[in-house]
J.: 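First, the structure itself, so that you have it in front of you.
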Amino acid sequence: MSRGLRGLPLRGRLALLTALAVAVAVAASALACWLLVRNELRDEIDNTLRSSSEPPSPLEMFIDSALRNCEDETQVSGRVRGVSDYFQVVDADGNRCVSPFSKPVRVQPSDKAVAAGTLVPYALHDSTTTDGEAVRVITRQTRYGDGRITVSVSRPLTEMNNSLSTLAVLLAIVAGGGVAVAGGAGLWVARSSLKPVNRLTEAVEHVARTEDLAVQIPVEGKDEIARLSQSFNSMTAALASSRELQQQLIADAGHELRTPLTSLRTNIELLARSEETGRAIPPDDRKALMASVKAQMTELASLIGDLQELSRPDRAAGGTPPQVVALHEIAGQALERARLRGPELTITAALDPWFVRGERAALERAIVNVLDNAVKFSPPGGTIEVSLSAGTLTVRDHGPGIPAEELPHVFDRFWRSPSARALPGSGLGLSIVARTVRQSGGAVALRPAPGGGTEAVVTLPGAPKPPPETPRVSPGG
């Protein structure tokens, strides 16, 4: 059945399940109603039998007639109009004397037990007449003359059974109608409720067919369908933004690659033309040309490396898990590299121990990028001050500083200050810094330094210091 349900559309399944639920509820209610009515009717018959079998009643008249009729049961035929019960006298052996105009009722073991005195005060049970008519029987001992005698009073169940049959038919008709109405109502409710889902389906199919991410679904209400529509709108907006950023990255990368490639092409064409024509380039010009080619190749390699770094997935997307590393050691190694790039500068450092959770190579590259930025903009013979205290790494230079209107853009990809366009660089260094620091749970900012220059502040949350590694002992030692 589950396979059949899967083959139905959602509205069909909802309508069918609604009809089934209503059918079960109606069937249970109808069965409970039928059983309740049946019990009430049987209780009424039982009460009537108890009252008719207890004195004072015309019981002695029926006993007399039954005993007189006992010798010739062939005289029993039909029923007297107005007499609704059957009467017979029974004994412990199961013999019976039937009252005239009553039908003989089969004697049950409980009737014999009452006659033998082992079951008191009476026996109440179902039985049948000799011709198969269902009856309800009460058997009890009663006074007769100077002694006691056992009498069975029976009442036919035909009228009750007919009433119950009629009631069952009526309940079945009502239940069937209720199920049909419930199925129709369920189908209508399913169609009405699934209209937003249909709109969402059409929107998804439209996006899959046309790749149009500008589709927005109207959000109505605050139910689950509205939340689903809002989530779809958020998803398409995020995808559209991601596509726009991707296109912008491709355009910016192409623009940045065009300049060194054009310069390389020009220089290589000059070298090739010199070889083809046999006209040698003066040694000084050739040396400058080769230095330019080397610089452009270095710039291309740096740009490609930066692009590869930015294209790496975040750790949250399934990268290697972060480890606890010593930030002061990483900063010290980055300082050594920065001193090699700015030998004429004075770089002072005060690094307090601090451990963070992150990727060692990525953090070192980020700190190197911050220091390179300070080296690039520091005047000849200038000073760069580096400090690490309580998880805050500060790099301060004494360069021209960054105008306030440019500060919001310094971490954008390929953004370069107009005053720095003549300097080497791809415009991706600070973007890599921001990305790496964000992955490590920290924050980075550039701000004007007091007295001139720029101050870069990197804040990273601390992590417990890892335990020292146990030295390994060789098996022979």
Side-chain angles (χ1 to χ4, degrees), residues 298 301-303 305-312 314-315 319-320 322-378 382-399 401-402 407 410-413 415-416 420 423-447 449 453-463 465-466:
T298 302
S302 176
L303 177 59
D306 290 343
L307 288 173
Q308 288 177 336
E309 176 67 23
L310 287 174
S311 66
R312 285 172 40 183
D314 294 343
R315 287 194 305 270
T320 58
Q323 298 178 347
V324 177
V325 294
L327 184 62
H328 53 283
E329 295 179 0
I330 296 174
Q333 295 173 359
L335 280 170
E336 295 300 323
R337 295 172 60 180
R339 288 190 176 100
L340 294 176
R341 300 182 185 189
E344 77 283 359
L345 301 175
T346 301
I347 302 178
T348 64
L351 306 176
D352 295 339
W354 189 255
F355 294 89
V356 299
R357 193 177 298 276
E359 187 178 347
R360 185 181 188 89
L363 286 172
E364 182 175 352
R365 178 162 188 166
I367 297 175
V368 168
N369 286 348
V370 173
L371 292 172
D372 278 348
N373 199 60
V375 169
K376 186 188 304 182
F377 291 99
S378 292
T383 301
I384 299 175
E385 301 161 5
V386 181
S387 66
L388 173 60
S389 176
T392 300
L393 176 68
T394 305
V395 178
R396 189 224 197 270
D397 63 56
H398 294 269
I402 301 175
L407 284 175
V410 293
F411 296 106
D412 294 344
R413 294 177 180 177
W415 186 89
R416 301 177 71 184
L423 298 175
S426 63
L428 294 175
L430 291 180
S431 297
I432 294 174
V433 172
R435 181 176 184 268
T436 303
V437 172
R438 184 180 66 251
Q439 289 178 355
S440 299
V444 60
L446 292 184
R447 62 194 180 192
T454 304
E455 193 174 59
V457 180
V458 177
T459 304
L460 291 170
K465 180 180 178 180

J.: Measuring from Glu336:CD to Leu371:CG, what's the distance to the nearest 0.5 Å?
T.: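 Reported value, rounded in 0.5 Å steps: 11.0 Å.
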J.: Within this structure, what is the CG-CG distance for the pair Leu345 and Asp397, rounded to the nearest 0.5 Å?
T.: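 Spacing of CG (Leu345) from CG (Asp397) equals 10.0 Å.
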J.: With a 4.5 Å heavy-atom cut-off, do Leu363 and Ser440 have their side chains touching?
T.: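 In short, these two side chains touch, coming nearer than 4.5 Å.
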J.: Counting only pairs under 3.5 Å, give me each side-chain donor-acceptor contact of residues 389-396, with atom names and distances, residues two or more places apart or in other chains.
T.:
unit_1	atom_1	unit_2	atom_2	d
Arg396	NH1	His398	ND1	2.8
Arg396	NH1	His398	NE2	3.3
Arg396	NH1	Gly452	O	3.2
Arg396	NH2	Pro450	O	2.3
Arg396	NH2	Gly452	O	3.2

J.: In Å and rounded to the nearest 0.5 Å, what is the CG to CZ distance from Leu460 to Arg357?
T.: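 Taking CG in Leu460 and CZ in Arg357, the distance rounds to 13.0 Å.
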J.: To check you understand the geometry: which heavy-atom pair defines the closest contact between Leu351 and Ala331, and what is its length?
T.: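 So the two residues come closest at CD1-CB, 4.1 Å.
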J.: Considering all heavy atoms of both residues, which atom of Ala366 and which atom of Val433 are nearest to each other, and what is their separation?
T.: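 In terms of heavy atoms, the two residues are closest at O-CG2, 3.3 Å.
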J.: Considering non-hydrogen atoms only, spot the tightest contact between Ala334 and Val368 and give its length.
T.: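 Where Ala334 meets Val368 most closely, the heavy atoms are CB-CG2, 3.6 Å.
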J.: Which heavy atom in Ala434 sits nearest to a heavy atom in Val444, and how many Å separate them?
T.: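 Closest pair (atom of Ala434, atom of Val444, distance): CA-CG1, 3.8 Å.
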J.: Do Trp354 and Asp352 come close enough that some side-chain heavy atom pair is under 4.5 Å?
T.: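 Of all side-chain heavy-atom pairs linking Asp352 with Trp354, none is under 4.5 Å.
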J.: Show, in sequence, the C-alpha distance, side-chain angles and deciding distance for Val356 and Ile330, and conclude whether the side chain to side chain contact (heavy atoms under 4.5 Å, CB included) test is met.
T.: CA-CA 11 Å; Val356 299; Ile330 296 174; 5.8 Å; no
J.: What's the shortest heavy-atom distance between Gly441 and Pro461, and which atoms?
T.: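 Minimum heavy-atom separation between Gly441 and Pro461: O-CD, 3.4 Å.
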J.: Which residues pass the side chain to side chain contact (heavy atoms under 4.5 Å, CB included) test with Ala326, sequence neighbours left out?
T.: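 Listed in chain order: His328, Glu329, Phe355.
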J.: Distance check, rounded to the nearest 0.5 Å: Leu388 atom CG versus Ile367 atom CD1?
T.: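 Those atoms lie 8.0 Å apart.
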